[in-house]
2 protein chains.
Amino acid sequence: MSILTAAADVLRCFSSTRHDVTVTDLVTLLGMPKSNASRLLRAMRDEGLLETVGDSKHYRPSLLLAQVGQLYRFAASLIDRADAVVGRVSDQIGHTGYISVRRGTEVIAATAHPGRHALRVVTSIGDRIPAFASSTGRALLARLSDAEVRALYPEGFTAPSETAPRDMDELLERLAETRRAGFAESHDEAVRGVRAISVGLGDAATGDEVALCITFPAATVEPGERLTIIRSLAEGAAEIAALTQDKRFFPLNLSYSETAP
Amino acid sequence: MSILTAAADVLRCFSSTRHDVTVTDLVTLLGMPKSNASRLLRAMRDEGLLETVGDSKHYRPSLLLAQVGQLYRFAASLIDRADAVVGRVSDQIGHTGYISVRRGTEVIAATAHPGRHALRVVTSIGDRIPAFASSTGRALLARLSDAEVRALYPEGFTAPSETAPRDMDELLERLAETRRAGFAESHDEAVRGVRAISVGLGDAATGDEVALCITFPAATVEPGERLTIIRSLAEGAAEIAALTQDKRFFPLNLSYSETAP
DNA sequence: AAAAAAAGTTCCAAAAAATGGAACTTAAGT
DNA sequence: ACTTAAGTTCCATTTTTTGGAACTTTTTTT
């Protein structure tokens, strides 16, 4: 057994309730001899993996670990991670999934996973659609304050379809609903007969924001399947949100998801 | 030499420009035999310190490191508190803010808040810059005695730019000024056209010390805005200093802040 | 599609580091 | 000042690590 095992075990001792460890902590937690615990902590400190708190016998993770840990976030960019989730859900469900980003009042698809079904929604990467009139757009707008949304549309907008919000008040009400539920939904908005479910997500460090979306023909999806989509998207997004410390993430609230808009 | 040394060296290979490493990277960067590099990366992955990107031969830091690294901020709660202040000021002003710590004669950014302005200073976490030639560094060096500062630089230093201190006497004079004013300022030092304002701060209980910094393009900031930055940083820092019973905190003395250096 | 080059892995005996029990030192509590 | 707890150092034994070379796999070139 390599000393790396022991070192990794030490790192696993840290948690939100244990910010530092001592020799005796290791003896208790890992059942290792005192002598080893003592030497291991010192060695890890000498190598820069840990640092002592002041000049006490308490050891905590080092700045090096903080920095390397930070990189993890960039190593797998937000879009990559979100795309992985959408890809998984799309594979599982068979319907088309994609990732969109917002640029001003428009949303643009960044990656797409075509569904397997004969009747499927085809999205093309790079298409720009109005943010207020799509589930992806509203999932992203919901991350703004009402004031910011108003500022985005100084001259209002015109609804392109029956089911899209007709004015600012209606949009803000839909956004409030999105925040409560933790997801946005559209029906017949951009394309007739098409529904879409979207979840918004951001990275506090980089400021990036994306929407995860699954879209499908309204006629072919049962209520149960719709719930599965919502759950899968929301769970995947929530994991990423925890990692990126997204403060504006709205967790799923299933009591709102029963009612189709 | 323990394998821990090698493992720590591997972690130090990661940077904002190198998110993952391969066997050959290690051979090149650390000059170790291929066989060692190969086994080391595998061992670190097996222990959960690294993970492979997809199923490629590229290794990146693991989730474990990301999690443990996150704890650093809370373990060193001073950073967390200081970061909150800088984040608030950065939001309010729109310019980039960050927190740095000193390691010997270098300062390293620990957290960053990108500004909102189109022209903004971009800092990368983990970058090491010389302490004597930066506002953050001088804010931290000002907390030492002149004797301690001299001891840090037994062989003196060479100024990297026109506006940086050229010798020890000039540095000590700048530090004295920093103590009187309660903040440090730099202009064109690390990057031309960039100014920065920093305040040093410590935690008596843990011995941690950090610098709070706001940095901005020299051309775009009015004298009034500069004063706002100074006041906001200093006030936020003073509050924390009271909380942590920092005995070496230098309170703001606005009569010194009128003169731009 | 074959050949060449590059990248990565496995093998081995020598060299170095880790182990754990006990003795020892330092710090904390009474 | 005494007692107890916490942490460190010592030692011979056991285990891991090391680096060169041979080997396999992957990538690039012809």
Side-chain angles (χ1 to χ4, degrees), chain A residues 1-15 17-62 64-65 68 71 75-76, chain B residues 1-15 17-62 64-65 68 75-76 203-208 245:
Chain A
M1 193 188 81
S2 159
I3 196 174
L4 278 182
T5 316
D9 286 343
V10 169
L11 296 187
R12 273 181 263 271
C13 287
F14 295 108
S15 70
T17 55
R18 188 186 305 279
H19 291 170
D20 52 50
V21 298
T22 62
V23 170
T24 13
D25 287 341
L26 289 196
V27 173
T28 316
L29 292 166
L30 303 176
M32 56 167 51
K34 265 202 309 186
S35 47
N36 286 3
S38 172
R39 279 176 304 212
L40 178 56
L41 286 177
R42 182 146 36 95
M44 290 179 74
R45 174 175 55 87
D46 290 347
E47 300 304 345
L49 298 172
L50 301 179
E51 50 188 49
T52 42
V53 180
D55 53 357
S56 72
K57 313 272 184 191
H58 292 248
Y59 292 79
R60 69 180 180 203
S62 71
L64 172 65
L65 292 186
V68 170
L71 290 177
Chain B
M1 193 188 81
S2 159
I3 196 175
L4 277 183
T5 316
D9 286 343
V10 169
L11 297 186
R12 273 182 263 271
C13 287
F14 295 108
S15 71
T17 55
R18 190 187 301 280
H19 291 169
D20 50 49
V21 298
T22 61
V23 170
T24 10
D25 287 342
L26 290 196
V27 173
T28 315
L29 292 167
L30 304 176
M32 55 166 51
K34 269 203 304 187
S35 47
N36 285 2
S38 174
R39 281 175 305 212
L40 178 57
L41 287 177
R42 181 146 35 98
M44 288 179 75
R45 174 175 53 89
D46 290 348
E47 300 304 345
L49 297 172
L50 301 179
E51 53 190 44
T52 41
V53 179
D55 52 358
S56 71
K57 314 269 186 189
H58 292 247
Y59 293 78
R60 68 176 180 209
S62 71
L64 171 65
L65 291 186
V68 170
D203 183 333
T206 63
D208 295 334
Q245 303 191 291

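Bear in mind the structure is a predicted one, so any value in this text is a computation, not a measurement. A note on names: the letters A, B, ... follow the listed sequences, proteins ahead of strands, and every chain is numbered from 1.
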Interatomic distance, B:Asp46 CG vs C:dT9 C1' [rounded to whole Å]: 14 Å
Side chain to side chain contact (heavy atoms under 4.5 Å, CB included) assessment of A:Tyr59 paired with A:Asp20: CA-CA 5 Å; A:Tyr59 292 79; A:Asp20 52 50; 5.8 Å; no
Separation of atom CG in A:Leu41 from atom C1' in D:dA6, rounded to whole Å: 13 Å
Within-4.5 Å side-chain heavy-atom neighbours: A:Leu11 and B:Leu49: yes
A:Met32 CE to D:dT15 C1': how many Å, rounded? 15 Å
Taking all non-hydrogen atoms of both residues into account, name the closest pair between A:Ser38 and A:Val23 and its distance. CA-CG2, 3.8 Å
Do the side chain of A:Arg39 and the base of C:dG20 come within less than 3.5 angstrom through a donor-acceptor pair of N or O atoms? yes
B:Leu40 CG to D:dG19 C1', straight-line distance once rounded to whole Å: 14 Å
Please check the phosphate of D:dT9 (OP1 and OP2 only) for any side-chain N or O of A:Ser38 closer than 4.0 Å. no
Considering only heavy side-chain atoms of A:Tyr59, the closest of D:dT16, D:dT8, C:dT10 is D:dT8
A:Thr28 versus A:Asp25, side-chain donor and acceptor atoms under 3.5 Å: no
I want to check one thing: is the phosphate of D:dG7, taken as OP1 and OP2, less than 4.0 Å away from some side-chain N or O of A:Arg42? no
Gap between atoms CG and P, on A:Asn36 and D:dG7 respectively (whole Å): 15 Å
Please confirm whether the shortest side-chain N or O distance from A:Ser2 to OP1 or OP2 of D:dT15 is below 4.0 Å. no
Give the nucleotide from the list C:dG8, D:dT18, D:dG7 with an atom nearest to the side chain of B:Ile3. D:dT18
Keeping the roles fixed (side chain from A:Asp46, backbone from A:Ala43), state whether a donor-acceptor pair exists under 3.5 Å. no
Distance check needed: C:dA18 P versus A:Asp9 CG, whole Å only. 15 Å
B:Leu26 has an atom CG; how far is it from atom C1' of C:dT9, in whole Å? 15 Å
Quick one: A:Lys34 NZ to C:dC24 C1', roughly how many Å, whole number? 10 Å
Is it the case that the base of C:dG8 and the side chain of B:Lys57 share a donor-acceptor contact (distance under 3.5 Å, atom types as modelled)? no
Looking across every strand, which nucleic acid part, if any, lies under 4.0 Å from A:Ser35 by heavy atom: base, sugar-phosphate, or nothing? base
